Amino acid sequence: SGPAAFEVNTDAPPSSGGTLRVGLTGGSTADTLDAHIPVNTGDSARVINLFEPLLERDGDYQIAYRLAESLEPNDDGTVWTLRLRENLKFSDGSDLTAEDVVFTFERVTDPEDPKTNASNLADFQSATAVDERTVEIQLTAPSAVLDDALAQYSMGVVPRDFDPANPIGAGPFRLKDFSAGMSTTLERNPHYWDSEPYLDEVQILNFNDTDALINALLSSQVDCVGQIPLALVEVLESDERMAVLNSETGMWLPFTMRVDVEPFNDVRVRQAFRLVVDRQQMIDQVLSGYGQLGNDMYSPFDPSYPDLDQRTQNIQQAKNLLAQAGHPDGITVELVTAPIQSGVVEAAQVFAQQASEAGITVNIRRVDTTTFFGDQYLQWSFAQSFWYTRNFIPQSRNCATAEAPFNETAWVNQEFTDLLDQAQAELDEARRTELIHQAQQMLYDDGGYIIWGFANQVDAYQRYVLGFQENSTGLPLNAYGFRSVWLGEVS
Amino acid sequence: MSTSDLKPSADAGPPPSGTTDAEPKESATRPAHLLKRVWAQGQGKVGIVLTVFIVALALAGPLLAPVLTGYSPTEFAGRPFQPEGIFGTDNLGRSVASRFLAGGLLLLLYSVLATVLGLVVGCVVGMIAGYAGGKTDSVLMRLNDIVLAFPQLVLALLAIVVLGPEGWVLVTVIGLTHAPRIARVARAATLGVVNEDYVRAAQMYAVPRSRILAREIFPNITGPLSVEAGLRLTYSIGAIASLSFLGLGMQPPTADWGLMINENRIALSIQPWGVLLPVIAIAVLTVGTNLLADAIARATASTTVESS
Amino acid sequence: MSTASTAASSSATTTVPDLTLVMQGLRVTTLDGTEILHGVDLQLRRGEILGLVGESGSGKTTAGLACLGHFRAGLRYHSGEITLYSRDTDDLSSDAASREAAGSGVVVTQLGDEDLRALRGSRIAYIPQDPALSLNPAIRVGEQIREVLDVHGFGANAQERAARVRQVLEDVGLPSTDEYQRRWPHELSGGQQQRIGIAMAFAMTPDVLILDEPTTGLDVSTQSHVLDTIRTMTSLHHVASLYITHDLAMVAELADRVAVMLRGDLVEEGPVGQVLAAPEHPYTRKLLEAVPDLAGRKQLTQTGQLDVVPEADSGSVVVVEAGGGAVSAEPETQAPLLVVRDLKKFYGGNTVLEGVNFQLEPGQSTMVLGESGSGKTTLSRCVAGLIDDYQGSVTLRGRELAASTRKRTNDDRQAIQYVFQSPYSSLNPRRSIGQSLSVPLEMSGKLPARQRRAVVEEALDSVRLGRSFYDRRPGDLSGGERQRAAVARALVNAPDVLVCDEITSALDVSVQASIIALLNQLRAERGLALLFVTHNITLARHIADHIVVLNQGVIVDSGPVDQVLEAPTHDYTRRLLADVPTL
Amino acid sequence: MIAKLILKRLLVSVFILLAVSVVVFAATLLLPGDPARAILGQQATEERIAALQAELNLDRSPVERYFLWLGGLFVGNFGTSSATGGPVTDLLGERITASLVLMLCAALIAVPVGLAIGIFSALHRGKRADQAVTWGTLTLAALPEFVIGIALVTLFATSVFRILPAVTMSPPGQQVWEIPTQLILPTLTLALVVIPYIIRMMRATMAEVMDSGFVEMARLKGVPERRVILRHAVPHAIGPVAQVVAIQLAWLAGGVVVVEYLFRYPGIGQALIDAVTYRDVQVVQAISIIIAAVYVVVNLLADIVGILANPKLRSAS
Ligand SMILES: Nc1ncnc2c1ncn2[C@@H]1O[C@H](COP(=O)(O)OP(=O)(O)OP(=O)(O)O)[C@@H](O)[C@H]1O
Ligand SMILES: Nc1ncnc2c1ncn2[C@@H]1O[C@H](COP(=O)(O)OP(=O)(O)OP(=O)(O)O)[C@@H](O)[C@H]1O
Ligand SMILES: [Mg+2]
Ligand SMILES: [Mg+2]
């Protein structure tokens, strides 16, 4: 295709061998190898490739079985039975049994030291190994969505004697070398249950700066990079050496208004703020057009994503609402932002510009990520956030109930929570969708999020890297699916 | 121990040639104005032109930006990094030209303030140390050494993390890190004149010490100080721009040259103007101020108008 | 190397056998075209010393350096010719053409860089004014002499060169030991440094020697040593010397012939006896008149300048009888004006003053005499209150003064005024003369600001500078004008005692004469008492009525001028008197 | 004598380092956040935090903690990093070496080149070449270091010539300096930042020395120009220039931060930014002390050079 400097034979069958050098931004001396508390992109990439979950979300955001062969609820959804595949082994060759799965559940939900996925397993009561390959999971309340919780990547199965310093898992790769904040080397796991990965080695290299990342790609020091600035997509596409992986995702970068403090405790102010946003312009300016319109509602990949009226910019109505709320001469707010994800600080600036038309003065206060997630996290009255793709119920459990660990808007509504509980317990698909729609309407009318769009995840790689596929979870590089990647023949 | 041994070439040098005692000068003119003497030097001329150009740009820019480009510095002119308008759009699709015009004022203001702060503190400390000598000198200079040894950037990072990236924090931190360096130069220069007889004469007439410092010593060390001021201004601009580069300096959506470089450098190969314009402006400004400082130093060293 | 000199005289190929260097119509300009030398002619003869005199800035150094084909940065050779008739011209690697053109002499002004370099230090040597600045402080002195031999390829091997270094060191009267050779310049005294310079110049037994005021920085005794060395070396090696100075007395002692320069022109030339006895040019006469003499027969006036510099100071010149003060101290019943009793001063363990006693009456002028380092400045600064940790007492009209000026009362401060040695450093170059002169008034606080200007202008008038100087800066004043301004500053508060610390030593003789005249006039007009500090004993009869001789912090001789000069009681005084060169 | 002078300077240096350690310690006390909580994470229980605080001596008074910390410094114990939970020494060990290598390379290029160009420029004062050097240094000095770095990367790695690596990456187990091509751009950037000042200083000092009486005298003695420069002039410029070189080299210690950031160089600069953003107090303290120590040592060396280059000080008795 075109006068490329070299030709890659894309039709040849996948070939084994070689080292894939992966560039990712983020990473620091605080990087971890723990299977259950991944924080940044590097952590995620390691966790996904070192540890195998029971289920996973595939490229189309459908649940797929990994270590598990089946997962069935009982009639009321309070007990789920999980069946493992045959002959599973950890990367050190030892057997992976139901006991290990039980240990994993207990480790993640340890009340003393709860891990990342504990919030999705709030209903978890206990797990018991029925036999070598069967685990029974008892819940405190009925749930129709346990499979979603088990499909989180921070839910990898670990052996009973798990030690983060020597991270044994059942993932496609195992650890060869690790230097926090700098680089990680993974090598093929010969005991992997699925078809073995093609690559001999994967090197994950941390960059603190997107510019250095792109430079490394351009000077061929890395083979692929995760998450490139969207403004550069066209440039990289036009470079004959490069290929671009552009995935639509459910990743959202909302503004968060705390509904329990001035001035956002008045729903008219919240609505006014939602009305000043020109969502298409947001996507154009912040995402260079690489994104989908948002409608103040998360979980676009959930089968029950609603079909509500699309909110559009309406300055006059926003002004009216503000006037009714007692701010006839405009209003001044402080927006706390931090570079927690690319596009966030940019979105703040675009918002400030758009809001100014309605007499809203937005003072941007940029803090560093540590400060943002520090003592005052969840206290900022007007800030921003960032979430990967999730379905509606688990997402709401994370951010929209009294128990939610990250309720950034402090929006708590008993009726909404009740609806969630009912929906979660409802095994009938249609009935559940109905309940969810009711809850969504409340969030849409009253909630504290401004969800202006969903960002595409765009990665870039050298053309000789083959096997990357689009992925809607929001995680870069096909959700770090290096197990299906191989290095093509260059002629 | 002085950092830059640019000696104050005071005119207490050899006898002026050609004039004898018996030949009083005809006109009792006042010496030519400093500005005139600076302008008379080729370097001074270039320095003034460059400096005035950038300062005028920075001052008038914010007002002119919307008029000249049709966009305010925060308005959107198109998608990011597109060639719309004269110099294209930036990382958020705003007009590079407009942001460039508006982006010099704060940088200039902060770096000038930081330099002035450093100069004032440094001069006072250095002159007192040089003039008082003895114990006072040792104590002040040891303190100075301590501040010097304390890494500048650590100080800046700590202050910004603790106090936030406010303008006054930037100015204070950068100004204070300049102070010990300026103090060294001021002290060295003071030592060069403190033994001059005119200082002794002032002491003899019991002129208050503060007035000796201000009237007798200060005017005679302006040469090395103005060179130092030029250098420090360069450092201030660089420091503020570098902090912006690390994301700790000027905050978005402020239009600022340092920030612009950081925001747009990613697209250097496709939309270079977003980086080039501020880089050129910063370079022209610092080259200009340094030329000017050198010329001022030379001009204060002599009272006559130089040819060439 | 005496063989070389005999060989040279026999193999002389020039038409004028003893002519060694001829300068013809030399013109030198600055880079922007201003002419500095307007066609100077000089001839140097073998074994003869030519004295080149003239006031500061007349172009003496420029002419001297031109002999080496060197022009200082900013200066440019314009025209004229300098020809060197070397004893062994053939040895020189100059190109045949230029030698031909000059009639077998070498035309220095036409030589290329490499030829010039070969000439310098070997055929033509230079002895600079300030040895402290001309010796490389980071190279041992023996090494610096050896370097000349090295670069000019003296002798056959290192031993011969080492032997030569030892020999010249002995010739100039310095120890030739290895230890001495391994000293750094700063470990030698000024006189020794200058003799190293002389040794360096003679190392290659040059034909021509240019000496640029080689004794200016030295005290009289050292000076006479150095002059002796120069005299013997010149005749020993049969060298043609150009001795640059502005001290006519020294020329009288040393030179065979003398040339007088005035602003880039040679105005008179001839044998020393003739020129000094019967000067033809008015400028030469003026110079001669300005030279102080020990006998005090001359009157140091400024009238001599008038025909040379028409716009010189007005005729209001007061001639003061030398030796006798114009105003004699009236017998007073009250305590003497100034009494210094048992003054002691230590710097660390170093005793600088060891109990000095003297007193001063109104209108009296006392000269404090002593060689460098004897404590003159220290003494005068103690009196003026510029040194605050002395022991002993300074009493003014019976009242003991506090040690530091800051602690003295306003009146005390006004009563004693001090004039600094160097006019180049005593006025703040950044402030106008008027501002500097107002300071004493400002600090005494007696006059409202409006009237100060009038007083300052008066003082400027009284030192004959004129009011127009009020707004000028020291930078555009000559040394003499500055020193007048400094005197005027001391006068604005109408003091009783004026302490003058070598106030003329940085100035040339004619300027010195005018300052002396000015001081005498002020004494006459105001009854000012004067403490005149100097190491120049020849000024005694022109300025003082009493002399105090200071030696290593002790007063060794004191009394009225005539008594001390004619019947010195102390060895040191006698030595001083013996070393003085006279016309 | 000379030993005594140097000893005195040494004592002053030690005093300065001690004082800096107090300032560093006090300054980092201001950093918000609790290291124990940072190590254990937000969800840790109070008892575990208290236990860790005791282990890290956080329950003691600041004065006690200072002396414990200072005592640790003497035995090479910089404390526990709150980010990794491990010893700071483990974290910094290789990074310090990496930074030192970078600084050393930059110094080895910048100092001789700067001195040579400075001398050259002084000898051709006023001529074209000198003016070119003057303008060059002025412009170079006017550009912040990251601009120089970006320009070099664009020129040599990503856009014009693609001949050098844009960032540093060492395969596991290998040190950065084992792949020398990666060092070229960061070294060049640092060198270009410090060279202008060395040139300027060397030029000014040499110009002054060339105007001095003893240089004129050497010429009048017939000493060849080469020898005049090398034997008579240059040794005099060394003393004062050593001071400026020292300050520039000491600047390198702090200035590497931006350059390391730009080139992803695994040195202390990177670690410093991380440590400050993650409030890793012990690491901030350690790096500050290390940078201060570099500063003090380099200045001490410059002082010694100054003493040795000055025969007055050398032989004063
Ligand atoms: N580099 C220079 N550039 C321009 N003019 C110069 C320069 N050097 C000397 N002159 C001028 O040349 C004239 C002669 O100077 P020169 O040094 O030869 O005088 P001099 O007789 O040696 O004086 P002195 O007794 O003070 O040493 C003076 O008027 C001086 O101003
Ligand atoms: N500040 C000082 N510290 C130490 N010693 C000093 C100081 N000032 C002067 N001396 C010493 O005191 C002695 C007398 O110095 P002083 O300046 O009074 O001599 P002087 O007679 O004025 O000499 P000159 O003719 O050279 O001016 C000298 O040996 C000098 O080295
Ligand atoms: Mg002269
Ligand atoms: Mg003296």
Side-chain angles (χ1 to χ4, degrees), chain C residues 31 61 64-65 67-74 113-141 143-154 182-187 193 196-197 200-201 203-204 206 209-210 212, chain D residues 1-2 5 115 119 121-127 130-131 202-243 304-317:
Chain C
L31 288 186
T61 301
L65 286 174
C67 298
L68 290 103
H70 179 73
F71 302 91
R72 280 170 293 176
D113 282 348
E114 197 41 42
D115 292 336
L116 268 180
R117 191 188 69 66
L119 214 64
R120 292 176 186 164
S122 69
R123 303 308 356 123
I124 308 180
Y126 181 75
I127 298 176
Q129 169 166 0
D130 191 344
L133 293 181
S134 314
L135 292 180
N136 192 325
I139 302 183
R140 300 174 191 275
V141 292
E143 168 70 22
Q144 298 202 39
I145 300 175
R146 190 160 27 252
E147 186 178 37
V148 182
L149 302 173
D150 286 345
V151 298
H152 293 295
F154 180 92
R182 288 186 48 248
R183 290 208 191 172
W184 301 104
H186 73 266
E187 293 172 320
Q193 287 175 344
I196 294 286
M200 214 148 56
M204 291 294 294
L209 192 60
I210 311 292
D212 193 357
Chain D
M1 179 59 213
I2 204 163
L5 257 180
L115 295 185
I119 293 173
S121 188
L123 296 181
H124 296 79
R125 232 182 314 165
K127 305 235 177 78
D130 174 41
Q131 273 161 357
M202 192 65 200
R203 181 185 176 278
T205 316
M206 268 301 278
E208 200 175 285
V209 174
M210 292 307 283
D211 281 345
S212 68
F214 58 83
V215 166
E216 187 173 40
M217 190 60 214
R219 289 191 174 133
L220 292 177
K221 266 155 70 174
V223 177
E225 197 60 23
R226 242 184 102 79
R227 194 180 152 87
V228 170
I229 294 163
L230 294 180
R231 182 77 183 88
H232 289 261
V234 170
H236 282 272
I238 293 303
V241 169
Q243 296 286 341
I304 292 175
V305 168
I307 291 172
L308 292 181
N310 187 339
K312 274 192 195 157
L313 291 179
R314 228 189 313 176
S315 62
S317 48

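Per chain, numbering begins at 1; letters A, B, ... match sequence-line order. Small disclaimer: the values here were computed from a predicted structure and weren't measured.
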Is the shortest heavy-atom distance from the side chain of [X] to the side chain of [Y] under 4.5 Å?
X         : Y         : answer
His236(D) : Pro137(C) : yes
Arg231(D) : Glu143(C) : yes
Arg117(C) : Arg219(D) : no
Leu220(D) : Leu65(C)  : yes

Q. Salt-bridged, Glu147(C) to Arg227(D), with N to O below 4.0 Å?
A. yes
**Q.** Contacting region of Met204(C) [heavy-atom separation from chain D under 4.5 Å]
**A.**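 The answer is neither part of Met204(C).
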Q | Pick from Leu135(C), Ile139(C), Leu68(C) with the largest number of heavy-atom pairs that fall under 4.5 Å of chain D | A |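 Of the options given, most contacts go to Ile139(C).
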Q. Looking at Gly213(D), Pro235(D), Pro224(D), Ala218(D), which makes the most heavy-atom pairs under 4.5 Å with chain C?
A. Pro224(D)
Q: May I have the step-by-step check of side chain to side chain contact (heavy atoms under 4.5 Å, CB included) for Arg120(C) and Lys221(D), ending in yes or no?
A: CA-CA 5 Å; Arg120(C) 292 176 186 164; Lys221(D) 266 155 70 174; over 6 Å; no
Q: To the nearest 0.5 Å, tell me how far Glu216(D) CD sits from Ser134(C) OG.
A: 8.0 Å
